[in-house]
Amino acid sequence: MKTIQVELAEKRYPIHIGSGLFEKLPQFLEGIGWGRERRLMLVADSHVSPLYAERVLKPLEQAGFTVGQITHPAGEESKSLHTLERLVEDCIRFGLDRSGAVLALGGGVTGDLAGFLAASYMRGIPFIQLPTTLLAHDSSVGGKVGVNHPLGKNMIGAFHQPAMVVFDTDVLKTLPEREILSGCAEVVKHALIWDASFADWLMEHHRQLMALEPEVTAEAIERGCRVKAAVVSQDEKESGIRAILNYGHTIGHALESVSGYGAFTHGEAVAVGMAGAALLGEALGTATEVFPFTRELLAAFRLPTHLSPVWAEEELLAAMKRDKKAKKGAYTFVLPTGIGSVVLQHGVEEAAIREVLARLRGGESR
Ligand SMILES: NC(=O)c1ccc[n+]([C@@H]2O[C@H](COP(=O)([O-])OP(=O)(O)OC[C@H]3O[C@@H](n4cnc5c(N)ncnc54)[C@H](O)[C@@H]3O)[C@@H](O)[C@H]2O)c1
Ligand SMILES: [Zn+2]
């Protein structure tokens with residue numbers, strides 16, 4: 001087992017990564033001082049619940065904890081106020097009070113939704129992240145929780161740090177292949193923004209990671225979490241450097257938005273976005289020759305680096321302008337300064353973005 005501590009100004013919490021960890025949950029709870037008087041509510045989606053809820057419930061119940069259970073429909077649509085209201089109702093009926101806590105068992109959808117439930121229920125109760133997707137090595141760390149509004153993704157939310165993250169890597173075995181690759185995109189992102197040696201290591205080990213070879217998978221998750229933890233500990237509420245975690249997300253979110261959430265996995269959209277950011281960085285002179293390596297690394301993970309002409313340029317640009325990070329209508333991008341380092345750039349000219357979108361459509365990026 002590997003353990004990373006997330007160090008924040010007023011709080012620190014552990015991330016445990018390894019095989020068979022759900023069995024050890026009672027010890028982990030003890031480790032953070034949680035006693036049996038604390039009622040727990042386990043939240044999972046309709047795919048994850050039948051697969052893994054028992055694995056979490058059993059050891060806890062055997063250790064004398066009282067655990068309720070809620071299952072919400074799988075899919076991004078569940079990250080909604082409507083689902084949240086239902087969850088709140090179930091918590092009230094279960095008798096969860098301010099001494100209770102939430103266990104978020106699932107991918108980023110459940111983590112964000114159940115995390116926001118914890119942030120808002122009775123003005124905030126603690127929660128634990130139990131990630132079950134590779135992508136969730138990213139979403140479970142850092143305390144951003146929330147739901148979508150029909151007019152925009154993640155429009156309603158909070159910063160609410162988990163009390164602990166327990167990543168039992170055994171659960172990844174049942175993950176659909178496309179979801180594994182989607183998670184690889186965020187692993188690649190963490191390497192590209194922070195750690196060139198991690199990027200080289202990923203290039204060397206991409207096959208083992210895609211095949212979920214246990215040692216390599218645990219190391220990739222650990223190194224990805226270390227990057228996330230390092231960035232978040234410097235800027236918990238995103239007043240500055242934390243924005244670099246959005247590398248590839250300006251174009252990525254726009255693509256998700258115009259394609260109607262579902263045509264692309266989050267990781268696929270971010271992969272196209274990272275290819276675009278690399279091209280844009282080269283065009284604007286923040287970096288040279290980052291695109292070939294970026295494309296090669298993404299392609300190794302069978303992630304897309306080009307844009308189909310189906311997605312109209314005007315719509316993509318309009319979506320980028322609506323991005324939460326956009327300031328006063330100007331385009332904001334995280335741009336590479338090399339492999340393993342990036343810079344936040346405000347006021348990027350529209351002409352440069354149009355040029356990059358055209359190059360992403362052309363044969364150049366294939
Ligand atoms: N809070 C953050 O910092 C942050 C960061 C990145 C992404 N996100 C959010 O994360 C969400 C995407 O997360 P995701 O890709 O994990 O999606 P997800 O939670 O929808 O999981 C993807 C699919 O895999 C299924 N699944 C999950 N675990 C499984 C397992 N072990 N075996 C079989 N099937 C399994 C799910 O039911 C779902 O169908 C988005 O809503 C995004 O906005 C949040
Ligand atoms: Zn992301």
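Read the numbers this way: they start at 1 and go in the same order the structure lists the ligands and their atoms.
- Note: Phe127 and His160 meet the aromatic proximity criterion, with ring centroids under 6.0 Å apart.
- Listed by first and then second residue, the side-chain hydrogen bond (donor to acceptor under 3.5 Å, both in side chains) pairs that reach into residues 30-40 come to none, sequence neighbours excluded.
- Residues Tyr331 and Glu350 have side chains that bring a donor and an acceptor to within less than 3.5 angstrom of each other.
- Judged as a side-chain hydrogen bond (donor to acceptor under 3.5 Å, both in side chains), and not counting sequence neighbours, Ser120 has no contacts.
- You'll find the ring centres of Tyr247 and Trp194 outside the 6.0 Å limit.
- If you look at His72 and His82, their ring centroids are not closer than 6.0 Å.
- The pair Glu23-Lys58 does not meet the salt-bridge criterion, since no charged nitrogen lies less than 4.0 angstrom from a carboxylate oxygen.
- Linking Ile, Leu, Val, Met, Phe, Trp and Tyr residues whenever their side-chain heavy atoms come within less than 4.5 Å places Phe22 and Leu60 in a single cluster.
- Of all protein N/O/S atoms, those under 2.8 Å from the Zn ion (ligand 2) are Glu186 OE2, His249 NE2, His266 NE2, and waters are not counted.
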Are there any N/O pairs under 3.5 Å between ligand 1 and the protein, and if so, what are their distances?
{"residue": "ligand 1", "atom": "1 (N)", "partner": "Asp112", "partner atom": "OD1", "Å": "3.0"}
{"residue": "ligand 1", "atom": "1 (N)", "partner": "Lys144", "partner atom": "O", "Å": "2.8"}
{"residue": "ligand 1", "atom": "3 (O)", "partner": "Lys228", "partner atom": "NZ", "Å": "3.4"}
{"residue": "ligand 1", "atom": "13 (O)", "partner": "Gly108", "partner atom": "N", "Å": "3.1"}
{"residue": "ligand 1", "atom": "16 (O)", "partner": "Gly108", "partner atom": "N", "Å": "2.8"}
{"residue": "ligand 1", "atom": "16 (O)", "partner": "Thr133", "partner atom": "OG1", "Å": "2.7"}
{"residue": "ligand 1", "atom": "19 (O)", "partner": "Gly108", "partner atom": "N", "Å": "3.2"}
{"residue": "ligand 1", "atom": "19 (O)", "partner": "Val109", "partner atom": "N", "Å": "3.1"}
{"residue": "ligand 1", "atom": "28 (N)", "partner": "Thr132", "partner atom": "O", "Å": "3.3"}
{"residue": "ligand 1", "atom": "28 (N)", "partner": "Thr132", "partner atom": "OG1", "Å": "2.7"}
{"residue": "ligand 1", "atom": "31 (N)", "partner": "Thr132", "partner atom": "O", "Å": "3.0"}
{"residue": "ligand 1", "atom": "31 (N)", "partner": "Val171", "partner atom": "O", "Å": "2.9"}
{"residue": "ligand 1", "atom": "32 (N)", "partner": "Thr174", "partner atom": "O", "Å": "3.4"}
{"residue": "ligand 1", "atom": "32 (N)", "partner": "Thr174", "partner atom": "OG1", "Å": "2.7"}
{"residue": "ligand 1", "atom": "37 (O)", "partner": "Asp45", "partner atom": "OD1", "Å": "3.2"}
{"residue": "ligand 1", "atom": "37 (O)", "partner": "Asp45", "partner atom": "OD2", "Å": "2.6"}
{"residue": "ligand 1", "atom": "37 (O)", "partner": "His47", "partner atom": "ND1", "Å": "2.8"}
{"residue": "ligand 1", "atom": "39 (O)", "partner": "His47", "partner atom": "ND1", "Å": "3.0"}
{"residue": "ligand 1", "atom": "41 (O)", "partner": "Glu76", "partner atom": "OE1", "Å": "2.7"}
{"residue": "ligand 1", "atom": "41 (O)", "partner": "Glu76", "partner atom": "OE2", "Å": "3.2"}
{"residue": "ligand 1", "atom": "41 (O)", "partner": "Lys79", "partner atom": "NZ", "Å": "3.0"}
{"residue": "ligand 1", "atom": "41 (O)", "partner": "Lys153", "partner atom": "NZ", "Å": "3.4"}
{"residue": "ligand 1", "atom": "43 (O)", "partner": "Lys79", "partner atom": "NZ", "Å": "3.1"}
{"residue": "ligand 1", "atom": "43 (O)", "partner": "Lys153", "partner atom": "NZ", "Å": "2.8"}

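- Ring centroids of His137 and Phe167 are separated by 6.0 Å or more, keeping the two rings apart.
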